[in-house]
Amino acid sequence: GESVGLHLPTLSVQEGDNSIINCAYSNSASDYFIWYKQESGKGPQFIIDIRSNMDKRQGQRVTVLLNKTVKHLSLQIAATQPGDSAVYFCAERAGNQFYFGTGTSLTVIP
Amino acid sequence: KAGVTQTPRYLIKTRGQQVTLSCSPISGHRSVSWYQQTPGQGLQFLFEYFSETQRNKGNFPGRFSGRQFSNSRSEMNVSTLELGDSALYLCASSLAPRTDTQYFGPGTRLTVL
């Protein structure tokens, strides 16, 4: 099966600081990647995506970086806010299926 | 535009019973995927439906089944429930299979006693 993993299961940051969440993937044929945010008691919420022909994509306060050489994906959150506290998943699309990591729990300290 | 809806939100069943979960996709979305989420396991893919046909299936036993209706609404059924089936079941919709983004519903929390 596919291996989509996160380097750190938990991350704590001070409010206002930038957060970086990392993800490793194993299938070099994966062509599309998504970051999701899941708050307690809710389903995953789409944050940002990136295709394999790109290495960077920016959204509102978020940036996704893709390094295909080392099969690494990261999510950067600028000026982290308490509302950013959640579990973050990366997902990769390989073949006709999506594969998800177990998630990183982000805690924002006021 | 309304998001993905799932009913019921919570279910408590006993071993051996069966359960049916329902998912209504975003209007216009024709593809529905189901996932099981348990602590430490991440999201495990169950199956995907498009145009009332199962297009892809994960590695789950035959006790897990699903279907899709002509209005794209989908149901999944779990028969002969086991304690290990306790999980959050998530439904995700997209415009078509393998298209860009899957949008998730809030999930159904199933507890098997």
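Each chain gets a letter, A, B and so on, in the order the sequences are listed, and its residues count up from 1. Predicted model only: the values in this text are computed from it and were never measured.
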- Kindly work out whether a path of hydrophobic side-chain contacts (I/L/V/M/F/W/Y, heavy atoms less than 4.5 Å apart) joins B:V32 to B:L88. no
- Query: Does CZ in B:R15 sit with more than 12 non-hydrogen atoms of other residues, nucleotides or ligands closer than 6.0 Å?
  - Reply: no
- Any idea which of A:G43, A:P44, A:G41 has the most non-hydrogen atom pairs under 4.5 angstrom with chain B? A:P44
- Consider only side-chain heavy atoms of I, L, V, M, F, W and Y, link residues closer than 4.5 Å, and tell whether A:I21 and A:L65 are in one cluster. no
- Item | Mutual orientation of the aromatic rings belonging to B:F104 and A:F100 [parallel < 30°, tilted 30-60°, perpendicular > 60°] | perpendicular
- Message: Atom NZ of residue position A:K56 - does it have more than 12 heavy atoms of other residues, nucleotides or ligands inside 6.0 Å?
- Response: no
- Message: So for B:L90, is it side chain, backbone, both, or neither that comes closer than 4.5 Å to the heavy atoms of chain A?
- Response: side chain
- Task: Assess whether atom NZ of A:K68 is packed by more than 12 heavy atoms of other residues, nucleotides or ligands within 6.0 Å.
- Result: yes
- Message: Ignoring hydrogens and geometry beyond distance, is a side-chain donor-acceptor pair present between A:Q38 and B:Q37 at under 3.5 Å?
- Response: yes
- Item | Closest heavy-atom pair and its distance - A:I34, B:T101 | CD1-CA, 4.2 Å
- Look up atom CZ in A:R93 and atom CD in B:Q102, then write down how far apart they are to the nearest 0.5 Å. 9.5 Å
- Message: For A:N53, is the CG atom crowded, meaning more than 12 foreign heavy atoms sit under 6.0 Å from it?
- Response: yes
- Item | B:F45/A:F98 under ring-ring contact (aromatic ring centres under 6.0 Å, His included): CA gap, chis, key distance, verdict | CA-CA 8 Å; B:F45 174 72; A:F98 279 97; 9.3 Å; no
- B:R9 portion near chain A, given a 4.5 angstrom heavy-atom threshold: side chain
